[in-house]
Structure formats: C-alpha cells, structure tokens
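Numbering of ligands and ligand atoms starts at 1, following listing order.
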Amino acid sequence: MRILHVASEAYPFIKTGGLADVCASLPQAQARLGHDVRVLIPAYRAAIAKLQTRKTIAEIQLPGLPAGVRILETEMRNAASKVWLVDYGPAFDRDGNPYLDDTGMPWHDNAERFFLLCRIAVAVIHNEDLLSWRPDVIHCHDWQTGMVAPLIDDDQDVVKIFTIHNLSYQGIFPRSTFTSLGLKEELWAMDGVEYLDQMSFIKGGIVFSDWITTVSPTYAREIQTSDLGCGLEGLLRHRSDRLVGILNGIDYDEWDPNTDPYIDFHYHADALEGKLQNKTACMERWSLLRDDSAPLFGFVGRLVEQKGIDLLIAALPELLNHGYPFVVLGMGDPVLERKLQDIARAHPGRLHVRIGYDEEMSHQIEAAADIFLMPSRFEPCGLNQMYSMHYGTVPIVSKTGGLADTVVPATPQNLANQTATGLTFTEFTADVLIKTIHQGVKLFDHEQSWRALMLAGMSWDFSWRQSARSYLELYQANSK
Ligand code: ADP
Ligand code: GLC
C-alpha cells in the first residue's frame with residue numbers, strides 16, 4: 001500500500017512530545033512490512049537544520065499564495081521511508097517552538113500555517129503528477145492535519161484515517177479565520193467544522209475521515225465520556241462505530257538499553273549490572289547524594305497540567321524529607337518550572353531539576369532511575385512508561401488511558417504470579433501519590449520482588465509489530 005502520513009512533528013526532525021516519536025516509528029514499521037510510506041511535515045527552521053540530505057522535488061503553486069511552496073525530500077534514519085517537508089518561509093522559517101511564540105502564546109498565524117500543510121496534502125491526492133506519487137491511504141495526526149479530510153473531493157479513491165493523539169488540543173479559531181481561509185460555506189455547519197460558533201480543525205478530521213483512531217483502547221472509551229471528551233464526546237459517540245483505539249508501540253532502534261548511544265553502560269535482562277552503574281554515574285553527574293538503599297525517582301515530560309506535575313510538586317517536599325533522590329527533566333508552564341527549581345534549591349543533593357529539552361538526558365533518566373513517575377491526569381497513550389519498562393525502570397502511574405493499558409499493577413496476585421510491571425493509583429491526590437510511592441519503596445527494599453517487577457516489564461513486547469498490523473487491517477477494512 002502507498003501510505004502518506006501527515007503530521008506537525010516527526011523525530012528526529014522536530015519533536016516536542018510523543019507525537020514525533022510515533023510519526024517516525026509507525027511509518028518505519030509499516031515500511032518494514034513492505035509498504036511504500038511517506039511522511040509529510042512542515043519544514044520548520046529547526047527541522048531544516050537537522051537535514052543531512054535534501055533535494056527540492058517540487059514547487060507547488062497554491063491559489064492565493066504569493067510564492068510557490070517547495071517540497072523538500074529526505075529520508076528517515078534507516079532509509080525505510082521518505083520524508084517530505086513543506087517549505088514555505090513565511091509559515092515555517094522562524095526560530096522557536098512549532099506551536100508557540102517566545103512569550104508562550106500560540107503563533108498568531110497557526111491556522112494559516114497548518115492549513116497550508118493540509119492544502120499540500122490534499123494537492124498531492126488530487127494531482128498525482130505533482131510528486132509523481134499518490135497514496136491509497138492518507139493518515140492524518142492531530143488537529144494540525146484536521147482540515148485534510150474535509151478538503152478531499154468525494155470522488156477521490158483514498159482511505160482517510162485520522163488519529164487523535166491528544167483531544168485536549170483542538171485547533172479552535174474564530175469565524176473570521178474560517179472566512180479568511182476561503183473555506184466553502186457549507187463546511188460551516190454542525191456536521192462540518194463549526195463548533196460552538198467557532199472553527200474547529202479537529203472536528204474536520206473526526207467528521208470527514210473514514211476511520212478515527214486514538215492511541216490506546218482505554219482512551220478511545222474515555223473520550224466518549226464527558227470527563228475526557230473535551231466537549232466532543234457527543235460527536236465521538238456518534239462516530240463510535242468508526243472509532244478504534246490502537247496502542248502505540250516504541251522504536252527499539254532508538255530505545256534499547258543494550259544499544260542506546262546516550263547511556264554510559266549498556267545492559268539487558270540477563271545482565272543488569274549496567275543499570276546500577278548508570279545510576280551511580282548519573283547521580284554523580286546530577287550532583288545527587290548517593291544512597292544505594294534508596295530508589296532513584298525520575299520524571300521526564302512536558303510540564304503541563306495533563307502530566308500531573310502539580311501533584312508531584314505537592315508531594316515532593318514530603319518525599320524529599322524521606323531522603324529519596326529525584327531527577328526531573330521537562331519544560332512547559334513557567335510557573336511550574338519555577339516551583340520545581342525552588343524546591344530543588346531547598347533540597348540540594350536530593351532533587352536535580354533540568355528545565356529544557358534534552359534528548360540525551362531523557363535516555364539517561366530511563367536507564368538510571370529505579371522508578372519512573374507518570375501521575376498523569378489523562379494520558380492518551382504515553383510512551384515514557386513503555387520506555388521505562390523496557391529499561392527495567394518500574395513505572396508508578398495513574399490508572400488512565402494508555403497507562404492503564406500498558407502497566408500491569410502490583411496487586412498481591414500479580415506479584416505472586418510475577419506478571420506485575422508497575423504500580424498504579426486511581427484517586428488523584430498528592431496523599432495517594434505519596435502512599436503509592438511508599439508502597440513502591442517497600443517493594444524496592446525486597447530485592448527479589450523488585451527484580452521480578454523489572455524483569456516482567458523488560459520481557460513485555462512493546463514493539464510496533466502488532467499495532468502496525470492493526471493499522472494496516474483498518475486501512476484495508478471496508479472504508480466507505
Ligand atoms: P506527550 O506526547 O504527551 O508529551 P509521551 O509520553 O507520549 O507524552 O511522549 C513524550 C516524549 O517526549 C518522550 O519521548 C519523552 O522522552 C519526550 N520528552 C518530553 N519532554 C522532554 C524533555 N524535556 N526533554 C527530552 N525529551 C522529552
Ligand atoms: C500525545 C499524548 C501521549 C501519546 C502521544 C503519542 O502527545 O499526550 O499520551 O503517547 O501523543 O501518541
């Protein structure tokens with residue numbers, strides 16, 4: 001099959017979160033299964049800087065734009081699939097984050113920028129000659145690509161897939177944006193892209209695609225409820241016969257403690273010494289006081305409400321007073337960033353905080369930590385808990401979304417039959433988080449139980465094998 005993925009991020013060209021990992025590793029897994037796969041992303045300045053090879057393969061004239069839009073071609077790391085970058089200076093050639101300006105606000109022209117990405121995807125479908133290639137399947141990811149499906153002519157023979165990685169980001173803009181984008185008036189409707197008198201990009205993907213997927217079975221259920229439906233639960237329930245949860249996989253070429261180029265010592269399930277060596281080396285690097293009898297706790301993630309970092313902040317002083325060492329890597333809400341730094345200053349040698357984006361350190365935390373924390377309020381899938389388990393780092397997670405689907409909780413029964421891979425909690429309070437962490441420490445103190453937890457996580461298959469096939473089955477399922 002010829003498959004075109006369209007997204008606002010793909011690793012290693014541009015990444016702010018798990019979307020980038022998935023939009024690189026899923027296409028590569030599909031290519032490995034013998035399919036012809038391309039990925040279309042914006043040519044942000046930062047992405048262009050990462051290109052090792054590139055050529056311009058087309059210049060597309062879109063009505064209403066003063067200049068042509070160039071398409072640059074490069075390859076994914078293992079050369080399994082091609083990456084096309086939409087190069088239009090006024091939209092993408094600027095410093096900083098793909099979505100936010102340097103005051104942390106969405107770029108004023110986000111609607112126009114991502115609408116351009118959508119228009120290019122549609123042009124590729126409508127006109128095979130443009131890039132001498134036309135997909136059988138167009139697979140769009142998140143709101144930035146939501147306007148692809150509504151713009152595709154009805155007579156086009158292409159399967160339209162829309163994957164929701166995070167329903168809380170919807171791409172909502174005022175009516176005036178709808179008008180200035182030049183959209184057909186009939187799209188301004190309840191069964192179009194109108195939402196509470198505004199324009200919604202994500203609605204376009206949900207209403208007009210053949211299949212809607214999300215990144216875990218539990219999240220697929222949760223988004224049909226008022227708790228996590230972000231106002232779209234009614235629409236999603238309406239389309240529930242076309243809504244499927246397919247769990248993300250992880251890319252073992254990038255995340256494997258036995259080959260990871262970013263970590264100091266390699267290890268695997270039959271030779272775990274390297275894990276302790278990483279802990280020792282990293283604690284020294286991060287100026288944390290060494291105490292082998294205490295587990296090292298790690299957190300990596302966007303510092304936003306979704307990730308429950310506020311809960312961790314509330315719990316930290318008490319946990320640090322117990323002498324547990326913590327390492328936190330993340331960036332996001334400046335208020336949360338400051339709070340973390342303040343706590344770190346008050347607890348030297350106990351809490352190391354690094355504000356920023358640091359790929360290398362994120363791997364080192366997975367390798368060095370004993371326990372990885374993900375107290376998310378909601379989590380469509382979550383990749384870090386899977387990286388953790390693969391690295392023998394036991395996750396403590398809230399029981400939501402993909403976390404509930406991937407972590408086998410340490411109940412007495414699961415511990416007895418050695419299937420447990422982590423600890424979960426349901427009530428979202430700092431006290432419950434603290435209690436769960438104490439339970440984790442108790443298990444850590446019991447060497448045999450702990451080893452069983454680590455090994456159960458390490459033996460789990462988190463690869464894309466199964467999920468890549470599930471997507472292919474969906475592409476082939478009766479689509480209309
Ligand atoms: P989300 O996509 O909601 O951010 P995921 O768990 O799916 O959450 O994926 C997050 C990805 O982004 C992981 O690969 C994680 O290591 C990475 N990541 C998040 N924050 C940082 C950071 N500050 N530095 C390096 N990597 C980060
Ligand atoms: C989103 C979600 C995260 C998921 C990732 C990749 O950013 O927040 O849970 O793992 O997308 O699908």
Would you call Lys279-Asp370 a salt bridge at under 4.0 Å N-O?
yes
Protein contact of atom 9 (O) of ligand 2 - nearest heavy atom, named by residue and atom, plus distance
Glu379 OE2, 2.5 Å
Sole candidate of Lys307, Lys399, Arg302 that passes salt bridge (charged side-chain N to carboxylate O under 4.0 Å, His left out) when paired with Glu379:
Lys307
Counting non-hydrogen protein atoms only, what is the nearest one to atom 11 (O) of ligand 2? Give residue, atom name and distance.
His165 CB, 3.3 Å
Among all protein heavy atoms, pick out the one at the shortest distance from atom 8 (O) of ligand 2; state its residue, atom name and that distance to 0.1 Å.
Gln306 NE2, 3.1 Å
Per-atom filter on ligand 2: closer than 4.0 angstrom to a heavy atom of Asn166 are 8 (O)
Any Lys/Arg nitrogen of Asp358 or Arg354 sitting under 4.0 Å from an Asp/Glu carboxylate oxygen of the other?
yes
Within-cut-off N or O pair, Asn248 and ligand 2, under 3.5 Å
yes
Do any nitrogen or oxygen atoms of ligand 1 lie under 3.5 Å from a protein nitrogen or oxygen, and which ones?
residue  : atom   : partner : partner atom : Å
ligand 1 : 2 (O)  : Gly18   : N            : 2.6
ligand 1 : 3 (O)  : Arg302  : NH2          : 2.8
ligand 1 : 3 (O)  : Lys307  : NZ           : 2.7
ligand 1 : 4 (O)  : Arg302  : NE           : 2.7
ligand 1 : 6 (O)  : Leu383  : N            : 2.9
ligand 1 : 7 (O)  : Leu383  : N            : 3.4
ligand 1 : 8 (O)  : Lys307  : NZ           : 3.0
ligand 1 : 9 (O)  : Gly18   : N            : 3.2
ligand 1 : 14 (O) : Lys15   : NZ           : 2.9
ligand 1 : 14 (O) : Asp21   : OD2          : 2.8
ligand 1 : 16 (O) : Asn384  : OD1          : 3.3
ligand 1 : 23 (N) : Gly356  : O            : 2.8
ligand 1 : 24 (N) : Asp358  : N            : 3.0

So, does Arg113 use its side chain to make a donor-acceptor pair with the main chain of Pro98 at under 3.5 Å?
yes
Closer than 4.0 Å to some heavy atom of Val215 - which atoms of ligand 2 meet that?
12 (O)
Please list, chain by chain and in numerical order, all residues satisfying salt bridge (Lys or Arg N to Asp or Glu O under 4.0 Å) with Asp256, sequence neighbours excluded.
none
How are the rings of Phe173 and Phe201 set relative to one another: parallel (under 30°), tilted (30 to 60°) or perpendicular (over 60°)?
perpendicular
I want to know if ligand 2 touches Cys381 in the polar sense, i.e. an N/O pair below 3.5 angstrom.
yes
Nearest protein heavy atom to atom 10 (O) of ligand 2, by residue and atom, and its distance?
Gly382 N, 2.8 Å
What are the atoms of ligand 2, with element, lying closer than 4.0 Å to any heavy atom of Val22?
6 (C), 12 (O)
For a side-chain contact (heavy atoms from CB on, under 4.5 Å) with Leu232, tell me which candidate from Arg239, His238, Gln224, Gln170 qualifies.
Gln170
Do Phe428 and Leu433 come close enough that some side-chain heavy atom pair is under 4.5 Å?
no
Is the count of non-hydrogen atoms from other residues, nucleotides or ligands lying under 6.0 Å from Trp107 atom CH2 greater than 12?
yes
Please check: side-chain N/O of Tyr219 versus main-chain N/O of Leu167, any donor-acceptor pairing under 3.5 Å?
yes
Side chain, backbone, both or neither: the part of Asp21 lying under 4.0 Å from ligand 2 by heavy atom
neither
Flag if over 12 foreign heavy atoms under 6.0 Å of CD, Glu427
no
